[in-house]
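First up is the structure itself, then whatever we jot down about it.
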Amino acid sequence: MRSLTYLSLLLVVPQTLALKAHDFKTCSQSGFCRRGRALSARAREAGEKWISPYTVDPSSIAIASHQATFTAGVKSSLYPEIKFGLELRVHDDGVVRVRMDELGGLRKRYDEAASWALISEPVISKDIKWTAGKKDIRAVYGAKKENEVVVTFAPLRVALLRGGKEQVVLNGQGLLHMEHFRTKTPEVTHTEEPEPKEGEEIVEDEAQVVVKSENPRAWFEGDKEDDWWEETFSSWTDTKPKGPESLSLDINFPNHGTIYGIPQHATRLALPTTAGESPFFSDPYRLYNADVFEYLASSSMSIYGSIPVLHAHSAESTVGIFDAVASETWIDVAHASEKSTETHWISESGILDVFLMPGPTPNDIFRQYARLTGTTVLPAQWSLGYHQCRWNYVSSDDVRAVQKRFDEEDIPVDVFWLDIEYSEEHKYFIWDKKNFPDPVDMVNDVAALGRKMVVIVDPHLKRTSDYPVYKKASELGYLVKNKNNDEYEGWCWSGSSAWMDFFNPGVWDWWISLFKTQKLENGWSWTESTEAVHIWNDMNEPSVFNGPEITMPKDNIHHGGWEHRDVHNVNGMLYSNLTSQAVARRSDPPKRPFVLTRAFYAGSQRFGAMWTGDNLGTWEHMAVGVKIVLSLNIGGFSYAGSDVGGFFGNPEPEMLVRWYQVGAFAPFFRAHAHIDAKRREPFLLDQPYKGIVRDILRLRYSLLPVWYTAFRETSVTGFPVLRPHYVVFPKDQAGFDIDDQYYIGASGLLVKPITEKGATETKVYLAEDQVYYDYFNHHAYRGAAKGKEITVPAALHQIPLFIRGGSIIPTRERPRRATTSMKKDPFTLRVALDKTGTARGELYLDDGETYGHEKGQFVWRELVAEKPVKKARSVRIASKDLGLRRPGEAVEGVALTAFDPGNAFAKSIGDVRVEKVVVLGLNAKPTGVRVEGGGDLVWEYTPGVAAGEKKEGTASVLSIKDPKVLVTKDWAIVIEW
Ligand code: NOJ
């Protein structure tokens with residue numbers, strides 16, 4: 001399966017793209033990446049003789065009184081005078097944090113990346129005991145003592161083991177290199193022999209003698225100061241005032257042959273190789289938030305966001321790592337064998353701060369990672385509806401007219417968006433009054449029909465004194481500085497611009513105050529706005545049109561004196577963090593904000609949604625968008641989607657329809673188009689396309705209870721909203737490379753969006769011996785224990801969507817114009833029996849917009865279909881309160897503090913009922929269907945294939961009409977035959 005996928009990707013490498021590749025560096029054009037790769041080439045060449053110069057000084061080991069942490073001095077035999085400090089901590093969930101920094105160096109390395117990403121200081125384990133020996137220090141831990149961390153002293157090597165097998169190894173290949181700070185002195189070159197200081201001794205074991213005899217510094221570091229002190233790219237010069245400070249580290253997975261994660265890259269979910277024999281990509285995966293115009297549909301290049309999180313997977317176990325570094329990072333991936341993976345991480349600056357997540361299942365890693373950086377936000381419910389955007393709706397009347405057309409055509413939509421042209425000269429917040437003379441009335445007209453607006457606010461501020469936001473920010477010194485410590489000036493949409501420096505805590509309250517809709521006594525606020533306006537944060541990589549690689553110079557200065565190079569990848573997250581706080585705090589008590597961000601980092605999932613930026617209207621981009629969104633879900637950021645229709649181009653109707661199908665099954669669902677693209681709102685389509693798109697949108701709305709329940713689950717457990725195959729079936733090797741079909745939360749819905757022109761059928765892989773029902777026509781398909789591919793119809797109007805046997809799917813099926821009108825709508829339950837005749841599902845509801853759910857204001861039901869032991873010829877379908885729901889599964893510190901059984905929200909929907917129950921796969925026609933403790937119900941039965949049969953064909957369908965059971969109450973329906 002792997003080679004097939006490789007082949008199909010090779011075939012789709014686009015020929016017609018206008019990517020300006022020369023705007024972005026390759027590894028060989030980046031000094032520190034070149035040095036890192038050269039180091040690894042030298043190691044390869046030296047083979048066995050390559051020995052890492054870094055060693056732990058055993059006499060310096062200090063174990064903390066709580067026992068779970070130890071610190072130790074580390075030295076490099078090449079620079080004995082330089083001191084490094086190593087620290088290992090074991091957290092109470094088994095995560096191991098490894099930190100290393102230069103001690104007492106010429107300068108300080110940036111060590112704050114983790115503090116922006118983490119939700120709190122992780123809790124240290126109470127059950128660990130480090131034991132130091134002559135050669136290593138180790139700790140055994142876990143409920144069954146199954147985990148072990150071993151830190152070997154000479155050379156330094158860190159290994160995490162499980163059941164005696166190595167899961168992750170740091171510096172096993174000896175590529176660790178923390179370039180220490182140095183002074184630029186032409187006389188002293190790094191190729192000189194190290195001089196031991198007085199009283200200091202170089203430990204000369206056999207290996208180091210080999211190294212030394214060959215001129216160790218040159219042997220290890222290379223024989224020239226390659227871009228140490230200055231670096232040019234195209235017309236830009238990076239002055240590098242701090243000199244070399246990069247960090248290289250090999251992180252290997254000797255027993256895991258497949259890796260996933262490190263979004264954002266336009267590639268397969270199971271990451272192809274970049275090193276070793278015949279690599280798939282020639283450059284390492286790059287993490288450097290960048291505005292890449294017309295990005296390639298298959299590439300290891302950076303795009304807009306960076307999450308340095310990776311899962312390494314095998315049929316036996318999964319292990320994860322999170323590398324908390326904020327500077328530009330390149331990651332080489334190679335497979336030493338089918339069963340092992342080698343990765344090499346090269347970062348430009350910062351300390352070593354790596355979290356090893358022991359798993360051993362994908363879900364364990366999601367939880368371990370969520371405990372570190374938090375979970376995906378539980379969004380406002382309306383924001384899971386359909387969003388209509390384009391660059392641009394050109395006037396307030398245009399917005400009104402578009403809304404009217406949606407309503408005339410009965411097409412549901414929740415949000416209308418305004419891109420940059422709403423603003424006067426791209427001074428965000430300030431309306432262009434020529435075209436938007438009545439912004440508040442316009443928003444109110446949209447809100448009157450239960451909808452919202454999202455308006456763009458970019459981080460570049462037009463440098464003009466008639467822009468109050470810029471003027472004040474400049475006066476207060478809130479803007480990013482250039483290398484001379486003057487206000488940095490660059491070009492973006494607004495022409496000459498300056499950038500807010502969100503690393504300055506002084507900025508935070510001020511930024512929040514700008515979004516207030518009331519007039520403030522001292523200061524400007526956005527009075528021409530309302531609480532129905534939410535925010536789009538674009539260009540926050542940051543994008544700078546005349547900057548190196550379309551971003552800020554690395555020698556720019558942020559608050560605290562840090563260079564932009566140190567903080568680049570977290571910069572965009574600070575922006576969406578502050579904006580989401582600002583939007584929430586417009587009201588008192590706060591309401592859930594919606595903020596869409598283009599740039600992101602680990603932790604951004606707490607602040608809103610992301611989208612995959614400027615994709616092209618091509619089938620390749622449509623297909624890779626699905627994979628990118630899956631990879632974001634692996635990286636903890638479930639609230640993700642791509643521009644429906646493709647940002648650039650004019651998709652033909654077939655493509656647009658398929659794109660709506662992709663979007664309807666993405667967590668974030670928005671259509672968007674470039675300013676030069678033709679209008680393509682769904683109501684403009686001819687038939688049959690218009691009708692098909694309307695049905696797709698109605699399907700999305702009817703499934704909102706499934707989406708919202710999945711988001712609730714992710715916000716509590718960290719398990720992703722979209723679950724690719726390896727997450728659901730971690731032991732099924734045949735599914736490891738599958739990234740074009742996936743499950744939605746724990747609902748049991750399996751979807752394979754079609755991303756191929758002219759498709760009339762497709763293949764879907766079923767990994768288990770279970771019945772799967774076609775969602776629409778109830779055809780029962782059978783999987784197999786060893787996995788099986790089925791062929792299913794996929795004409796343009798058809799979406800391959802299946803209910804896994806054993807699931808109960810709650811829907812709301814009344815066509816509505818927006819989510820607000822659905823709040824009291826009744827529910828339909830699809831009970832899809834599994835081969836043993838049982839099923840389970842969940843339904844989560846709350847008011848959808850406040851934080852009342854954090855105080856227990858919600859309804860969380862468990863739905864079951866069970867076979868009563870005493871009455872073999874019956875099925876009992878019941879609804880039970882889940883209350884706080886298996887609190888053991890919640891990620892501590894992020895959610896679920898309370899549940900109020902008689903809460904006001906539950907009361908407010910007290911009369912909401914179930915209007916229909918559809919049971920798929922019953923064995924025989926019932927003799928009676930009744931509510932337990934109540935009367936007989938009206939029902940209809942169509943015979944067909946039973947869940948327990950081996951046959952395929954249309955399943956039997958029992959349709960129970962209006963059982964009048966209430967959604968907030970316990971009830972049971974008994975079916976007998
Ligand atoms: C770039 C964004 O990616 C795109 O979605 C937006 O329309 C333009 N900027 C204009 O704001």
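FYI, the numbering just counts along the sequence from 1. Only a predicted model underlies this, so the values are computations on that prediction, with no experimental measurement involved. Every number for a ligand or one of its atoms is a count from 1 in the order of the listing.
No more than 12 heavy atoms of other residues, nucleotides or ligands shown are found within 6.0 angstrom of NZ on Lys472. Remark: Trp236 CH2 is packed, more than 12 non-hydrogen atoms of other residues, nucleotides or ligands lying under 6.0 Å away.
Of all the heavy atoms of Trp417, none lies under 4.0 Å from any atom of ligand 1, so neither backbone nor side chain is involved. Of all the heavy atoms of Arg598, the ones lying under 4.0 Å from any atom of ligand 1 belong exclusively to the side chain. At a heavy-atom cutoff of 4.0 Å, ligand 1 is contacted by no atom of Asp291, backbone or side chain.
A cation-pi arrangement is absent between Lys433 and Tyr422, since the terminal nitrogen or guanidinium carbon is not both under 6.0 Å from the aromatic centre and inside a 45° cone about the axis.
Distances below 4.0 Å separate heavy atoms of Ile456 from the following atoms of ligand 1: 11 (O). Residue-ligand proximity, Phe647 to ligand 1, at heavy-atom distances under 4.0 Å covers atoms 4 (C), 5 (O), 7 (O). For ligand 1, the atoms closer than 4.0 angstrom to any heavy atom of Trp611 are 2 (C), 3 (O), 5 (O).
For atom 3 (O) of ligand 1, the closest heavy atom belonging to the protein is Asp614 OD1, 2.4 Å. Of all protein heavy atoms, the one lying nearest to atom 5 (O) of ligand 1 is His672 NE2, 2.9 Å. Ranking the protein heavy atoms by distance from atom 6 (C) of ligand 1 puts Asp419 OD2, 3.4 Å first. Counting only heavy atoms of the protein, atom 8 (C) of ligand 1 lies nearest to Asp538 OD2, 3.6 Å.
Between Trp611 and the choices Phe668, Phe600, Trp536, the ring pair (Phe, Tyr, Trp, His ring centres under 6.0 Å) rule is met once, by Trp536.
The shortest heavy-atom distance from Trp536 to ligand 1 is under 4.0 Å.
A salt bridge (charged side-chain N to carboxylate O under 4.0 Å, His left out) check over residues 412-423, counting only residues at least two apart or in different chains, returns nothing.
Using bins of under 30°, 30° to 60° and over 60° for the plane-to-plane angle, the ring pair Phe503/Trp116 lands in the perpendicular bin.
Under the 3.5 Å distance criterion, the side-chain polar atoms of Ser497 are matched with a main-chain donor or acceptor of Gly495.
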